[in-house]
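As structure tokens, the structure follows; a few thoughts come after it.
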Amino acid sequence: MKRIFFAIFFILISVLIGLYGLTKTEKTCNKMMVEIEEATKENKDALESNSHQKKVNFYETTTELKALWEENSDFFYFFFNNDDIKTIETNIEKLPEHSKNGELESSYLCLVECLEELEYLKNNTRLTFSNIF
């Protein structure tokens, strides 16, 4: 009887950890994606207007995005494959440097790639028939 109790207990703990990981992944990915989309809009504005103030705003947004990533990167590394996360991390690390140097096209490409990778991670954690089997 003890073995059954412990087995059920550990199964429940595993399910709770899994559900926590799924919900936190979705919330974190959504938050990161919103921030990246905002940074993409600021990047487009800076490219179109060539205004110094818009470039400064974009640089500040990229540093905020980098801080948000550093806040959540441990969670991603715990639940996901390091290769998938490394791509996002590398691109986010490059963003402030690109924006500081005025390389707005390179920044745009980094943002798009981050957005695609986050969408991929988010879709892989959904409870769908194809993801389970």
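Numbers here are sequence positions counted from 1.
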From CG (Leu109) to NE2 (His98), nearest 0.5 Å: 8.5 Å

Side-chain heavy-atom pair Ile85, Trp69 within 4.5 angstrom cut-off: yes

ring-ring contact (aromatic ring centres under 6.0 Å, His included) contacts in which one or both residues fall within residues 21-59, not counting sequence neighbours: none

Rounded distance [0.5 Å steps], CG in Leu95 versus CG in Asn43: 8.5 Å

Pairwise distance OG(Ser107) to CD(Glu97) - rounded to 0.5 angstrom: 10.0 Å

Phe75 atom CZ, over 12 foreign heavy atoms within 6.0 Å: yes

hydrophobic_cluster_shared for Tyr77 and Leu118, side chain cutoff 4.5 Å: yes

Where at least one partner belongs to residues 41-69, residue pairs that pass salt bridge (charged side-chain N to carboxylate O under 4.0 Å, His left out), sequence neighbours excluded: Lys66-Glu93

Which residues share a side chain to side chain donor-acceptor pair (under 3.5 Å) with Gln53, sequence neighbours left out: Asn57

Glu89 with Lys86: basic N within carboxylate O range, under 4.0 Å: yes

Within-4.5 Å side-chain heavy-atom neighbours: Leu121 and Ile88: yes

Within 6.0 Å of CD1 in Ile4, more than 12 heavy atoms from elsewhere: no

Closest non-hydrogen atom pair, Leu65 against Ile92: O-CG2, 4.2 Å

Exercise: identify the closest heavy-atom pair between Cys114 and Asn91: SG-CB, 3.3 Å

Hydrophobic cluster membership, Leu12 vs Phe10, 4.5 Å side-chain cutoff: no

ILVMFWY clustering at 4.5 Å (side-chain atoms), partners of Tyr108: Val112

Connected hydrophobic set around Val34, excluding itself, where side chains approach under 4.5 Å: none

Minimum side-chain heavy-atom gap Phe9-Ser14 below 4.5 Å: no

Over all atoms of both residues, closest heavy-atom pair of Thr61 and Ala39: CG2-CB, 3.7 Å

Identify every side-chain donor-acceptor pair in residues 15-28 under 3.5 Å, counting partners at least two apart or on other chains, and give the distances.
unit_1, atom_1, unit_2, atom_2, d
Thr23, OG1, Leu19, O, 3.1
Thr23, OG1, Tyr20, O, 3.1
Thr25, OG1, Gly21, O, 2.5
Thr28, OG1, Lys24, O, 2.7

Point-to-point distance, once rounded to the nearest 0.5 Å, from OH of Tyr120 to SG of Cys29: 12.5 Å

Nearest heavy-atom neighbours spanning Leu111 and Ile36: O-CG2, 3.5 Å

Exercise: do Ser99 and Thr62 side chains pair donor with acceptor under 3.5 Å: yes

